[in-house]
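Counting convention: from 1, in listed order, for ligands and their atoms alike.
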Amino acid sequence: MVEKLYVTYNDVHKLCQESAVPILAEFKPDLMIAIGGGGYVPARILRSFLKQPGSPNIPIQAIGLSLYEQLPNAADQVVEQVGHKVTRTQWLDLSALGSMKNLVGKRILIVDEVDDTRTTLEYAVKELQKDVEEARAKLGVDEKTEFGIFVLHNKDKQKRGTLPEDVTNGRYWAARTVGDEWICYPWEAIDIDEHDANAAAALAKKAQA
Ligand SMILES: O=P(O)(O)OC[C@H]1O[C@H](OP(=O)(O)OP(=O)(O)O)[C@H](O)[C@@H]1O
């Protein structure tokens with residue numbers, strides 16, 4: 001039976017809080033790109049912990065990627081990716097000059113809640129790299145953009161997707177590395193009290209073991 005891992009809002013908050021320390025020390029992002037829907041809440045919490053006194057908040061932009069669902073009437077937006085379909089439901093608005101400038105020569109932290117098969121993250125990095133190249137060409141700027149990744153949980157399993165080596169070696173932060181568990185995030189809960197009770201029960205069981 002697949003173990004269920006219940007993650008509470010407080011857990012998410014604390015995972016972001018502790019991860020902010022190495023992310024600030026080693027990367028200092030200029031911009032976060034949250035992969036929706038699971039990346040939105042962690043990105044917003046992380047922003048509070050990345051805020052430096054005297055500096056503005058780090059902007060968060062959102063992209064929508066869906067791995068398991070195929071939107072009707074959106075066949076032209078469906079991309080075959082290592083045997084899985086990644087559907088773009090939302091993307092950056094690159095028509096604005098400001099948005100393009102945000103991409104070139106910047107440190108961009110991509111945020112999602114879970115790195116499972118890595119299909120989604122591979123897609124996000126590849127597509128964003130293409131956008132950066134396009135923006136660089138249009139703006140005639142030659143500064144390097146660095147991508148980093150933050151996830152709450154990385155599943156230690158065979159990955160279908162791959163990430164650039166410079167990201168995996170030094171710019172990849174997973175608050176927790178877990179097995180191939182079924183992770184239940186609080187924002188998916190229909191009954192949050194039951195969810196929290198399940199999380200507490202699992203904790204008590206672990207303490208007894
Ligand atoms: O590593 P992978 O195997 O690619 O899986 C991880 C992705 O799957 C989930 O997204 P989902 O498509 O379920 O959308 P959601 O975030 O809106 O729930 C999750 O939010 C990640 O983005």
Side-chain angles (χ1 to χ4, degrees), residues 2-9 11-16 19 23 29 31-47 60-92 108-131 147-169 171-192 194-195 198-199:
V2 182
E3 279 287 308
K4 276 190 180 176
L5 175 65
Y6 288 93
V7 181
T8 66
Y9 280 113
D11 293 334
V12 173
H13 201 92
K14 287 174 184 172
L15 291 175
C16 291
S19 301
I23 292 171
L31 167 73
M32 278 189 271
I33 296 183
I35 303 180
Y40 295 159
V41 176
R44 174 59 189 89
I45 296 172
L46 187 65
R47 190 179 77 173
I60 302 175
Q61 298 219 2
I63 57 174
L65 294 178
S66 185
L67 184 59
Y68 304 106
E69 290 164 60
Q70 186 172 336
L71 292 182
N73 306 320
D76 55 332
Q77 294 178 352
V78 175
V79 179
E80 235 3 286
Q81 186 81 4
V82 286
H84 279 240
K85 287 186 173 71
V86 175
T87 307
R88 270 189 193 205
T89 55
Q90 187 187 346
W91 203 253
L92 308 175
I108 301 175
L109 188 67
I110 299 169
V111 179
D112 208 350
E113 91 280 35
V114 62
D115 177 354
D116 186 354
T117 65
R118 202 162 272 181
T119 308
T120 304
L121 284 170
E122 176 187 291
Y123 179 91
V125 171
K126 279 192 174 154
E127 293 299 297
L128 288 168
Q129 275 174 336
K130 281 187 212 162
D131 288 346
F147 285 101
I149 289 174
F150 168 63
V151 290
L152 297 172
H153 297 96
N154 174 30
K155 291 193 184 178
D156 185 14
K157 64 191 274 189
Q158 185 78 35
K159 302 292 189 187
R160 289 206 189 93
T162 50
L163 295 170
E165 246 178 54
D166 58 338
V167 173
T168 47
N169 294 337
R171 297 206 300 271
Y172 179 98
W173 296 270
R176 291 287 181 276
T177 300
V178 296
D180 200 4
E181 288 153 86
W182 178 350
I183 309 176
C184 304
Y185 289 101
W187 46 82
E188 293 162 352
I190 302 302
D191 183 335
I192 193 66
E194 188 183 39
H195 176 94
N198 285 334

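At least one side-chain heavy atom of Asp112 sits under 4.5 Å from a side-chain heavy atom of Val151. Side-chain contact between Trp173 and Leu109 is present, with heavy atoms from C-beta onward closer than 4.5 Å.
Remark: ligand 1 atoms within the under-4.0 Å shell around heavy atoms of Thr120 are 2 (P), 4 (O), 5 (O), 6 (C), 7 (C), 22 (O). Atoms of ligand 1 lying under 4.0 Å from any heavy atom of Leu67, numbered from 1 in the order shown and given with element: 2 (P), 3 (O), 4 (O), 5 (O), 12 (O). Listed by number with element, the atoms of ligand 1 under 4.0 Å from a non-hydrogen atom of Gly38 are 16 (O). Interface of Asp112 with ligand 1, defined as ligand atoms under 4.0 Å from a residue heavy atom, comprises 20 (O), 21 (C), 22 (O). With ligand atoms numbered from 1 in the order given, ligand 1 contributes 6 (C), 19 (C), 21 (C) to contacts under 4.0 Å with heavy atoms of Val114. Interface of Ser66 with ligand 1, defined as ligand atoms under 4.0 Å from a residue heavy atom, comprises 12 (O). Within ligand 1, the atoms closer than 4.0 Å to a non-hydrogen atom of Gly37 are 15 (P), 16 (O), 17 (O), numbered from 1 in the order shown. Counting atoms of ligand 1 from 1 in the listed order, those under 4.0 Å from a heavy atom of Glu113 are 19 (C), 20 (O), 21 (C).
Few gaps surround NZ on Lys157; more than 12 heavy atoms of other groups in view lie less than 6.0 Å from it.
Using cut-offs of 30° and 60° for the angle between ring planes, the Trp187 and Tyr9 rings count as tilted.
Aromatic pair Tyr185/His153: ring centres closer than 6.0 Å.
Looking only at distances, a side-chain donor or acceptor of Lys155 sits under 3.5 Å from a matching main-chain atom of Glu181.
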